[in-house]
Amino acid sequence: MTTPYNFPQDTYASEIHERFADLDAGGETGVVVAVAGRVMLLRAQGKLAFGTLVDSSGDIQLFALSAVTADFEEFTKLHLGDWVGVTGEVVRTKKGELSVKVASWQVLAEARHNFGDKWAGISDFDLRYRHREADLWANPESRQSLARRSAVIRSLREQLWERRFIEVETPILNAIPSGAAARPFVTHHNAFDVDFSLRIAPELWLKRLVVGGFERIFEIGRVFRNEGVSPRHNPEFTMIELYVAYWDVYDMMRLTEEVCAGVATSVLGTTTFEYQGRPLNFSAPWARRSMSDLVSEAVGEEITVHSDRARMATLLTDRGVEVQASWGTGRLLMELFEVTCEADLWDPIFVTDFPLEVSPLARRHREDDLLTERFEVYCAGRELANGFTELNDPDDQRARFEDQARLKAAGEDETMEIDEDYIKALEWGLPPTAGLGIGVDRLAMLIADAPNIREIIAFPTLKPLREG
RNA sequence: GCGCCGAUAGCUCAAUUGGCAGAGCAUUUGACUCUUAAUCAACAGGUUCCGGGUUCAAGUCCCGGUCGGCGCACCA
């Protein structure tokens, strides 16, 4: 079948509804429009036919008559899902349905597969994710989820632009993956004959740009972590990281709650909304609690990084966690937090004062040597963001990397590698700086009320089907 | 990677205790000048995810595998 190379569409379904809302049943307008979309319903009835044309804005009825419509017989044989371009007058039928009275029409593209049951659509997860294009068309809520994701990212950019941030890009191919504790994907560069890792975080590169003089920067980009999938984890996901010179973690907390609340306002028009049937309040300011406060409350006794290690280990063992010999009180505190608190945190909250032991890139707390000026935001029982006053002392940074190396030697799987280039960058002078990372997919999940991260990723990572 | 659950027509789903594999929609054919998930009539549509096994008989029971969902782990 030869199909046209273009079609002079001049309006959308929703525009027709807005413009001719007042037209009476049986009324004519004399206005000829050219609309395009897919035919999703078709009711042929002898010498009349009614179709429902769906475009990106909504739907409009097509009203075809054998006396008026070119190639009427063929029109009645259109398949559901076919793209058509239609030209005709806007009328309202006797029964009151606003319609385009089809004068001429053409198939723009055939649909050789159907879009599922016209009532139930497509619900099989495997089919939906492997052929997302069909899911997106068949299930408007899928399209809405992705549209909301897009609106979230747009809002983030706009709010940062308003605050004089500039957007930058840093390498995805890295000789040394760093900036987080995670296993990387490894790939190979042929010309250099060397292996590169896909980035697990852009963090170190971004701070090097601050050293270079960019005082307010952000990057929105894909990061890759070689780990399992879950309703909240995709091996490649989108992260926004931003850095502000001269700020500390407390300045960054204010920005975090403002920007996230701003996203909710611009996408949903409110900072109070429902996530999975439960009210969620994004209104700033957000609660702030130290990790040790939360843990102490949960276990019913005072626990801090200065607590007795054996006691903390016992508390963890009682809760079924296998305690490693290499863990200090900092790691134990965080493990306790994860076991006793994380899942119960619903409205966004800054969990502050992270142990130094688990925060190799964050600056030492000004009031406690075993803590850092680091927070993580938890919301709906999961981590949403991570921020801190950046460690800008090259000597301390070297010592932290060396601690990581010791952990690796002690058998820890995921630790940071010593990055000499990064230490050298710090030696050129990183001003006091605060940094923030937000999991964009997770933020989008909350805003789009998506139960599963795959819903807000256009093409989530799937296991390929094996041959045979 | 481990555990639980699932996979039946293009789509959405049925199928009693192990007893001839079905419906609606879509497709095909026909009727119909105001339909709204149009209606009516008819035809067609199956490697019951794949491979073994038990049985007179397997969609159903058993074993192995594939993919997916959820939980755990890994990870944030």
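A, B, ... follow the sequence lines: proteins, then strands. Residue 1 opens every chain.
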Quiz item: Above 12 or not: heavy atoms from other molecules or residues under 6.0 Å from CG of Asp318(A)?
Solution: yes

Exercise. May I ask you to check whether Phe63(A) and Phe50(A) place their ring centres under 6.0 Å from each other?
Key: yes

Quiz item: What do you reckon, are the aromatic ring centroids of Phe282(A) and Trp286(A) less than 6.0 Å apart?
Solution: yes

Exercise. Take Phe50(A) and Pro451(A), find for each the nucleotide of RNA chain B with the closest heavy atom, and name the residue whose nucleotide sits nearer the 5' end.
Key: Phe50(A)

Quiz item: For the residue pair Thr29(A) and Glu89(A), what are the closest heavy atoms and their distance?
Solution: N-OE2, 3.1 Å

Quick one: do the [X] and [Y] side chains pair a donor with an acceptor below 3.5 Å?
{"X": "Thr340(A)", "Y": "Arg319(A)", "value": "no"}
{"X": "Asn234(A)", "Y": "Arg454(A)", "value": "no"}
{"X": "Thr238(A)", "Y": "Arg149(A)", "value": "yes"}

Quiz item: Using a cut-off of less than 4.0 Å, is there contact between a side-chain N or O of Lys118(A) and OP1 or OP2 of U36(B)?
Solution: no

Quiz prompt | Sugar-phosphate, base or nothing in reach of Arg130(A), heavy atoms under 4.0 Å | solution = sugar-phosphate

Self-check item: Rounded C1' spacing from U60(B) to G24(B) in Å
Solution: 24 Å

Quiz prompt | Contacting residues from residues 288-295 of chain A, given that a heavy atom lies under 4.0 angstrom of RNA chain B | solution = none

Quiz item: By a strict heavy-atom criterion of less than 4.0 Å, which residues belonging to residues 34-48 of chain A are in contact with RNA chain B?
Solution: Leu41(A), Arg43(A), Ala44(A), Gln45(A), Gly46(A), Lys47(A), Leu48(A)

Quiz item: Under the criteria of a ring-centre distance below 5.5 Å and an interplanar angle below 30°, is Phe125(A) stacked with the base of G68(B)?
Solution: no

Quiz item: If a stem is a run of at least 3 consecutive Watson-Crick or G-U pairs, both distances under 3.5 Å, which stems include RNA chain B?
Solution: B:1-7 with B:66-72, B:10-13 with B:22-25, B:28-31 with B:39-42, B:49-53 with B:61-65

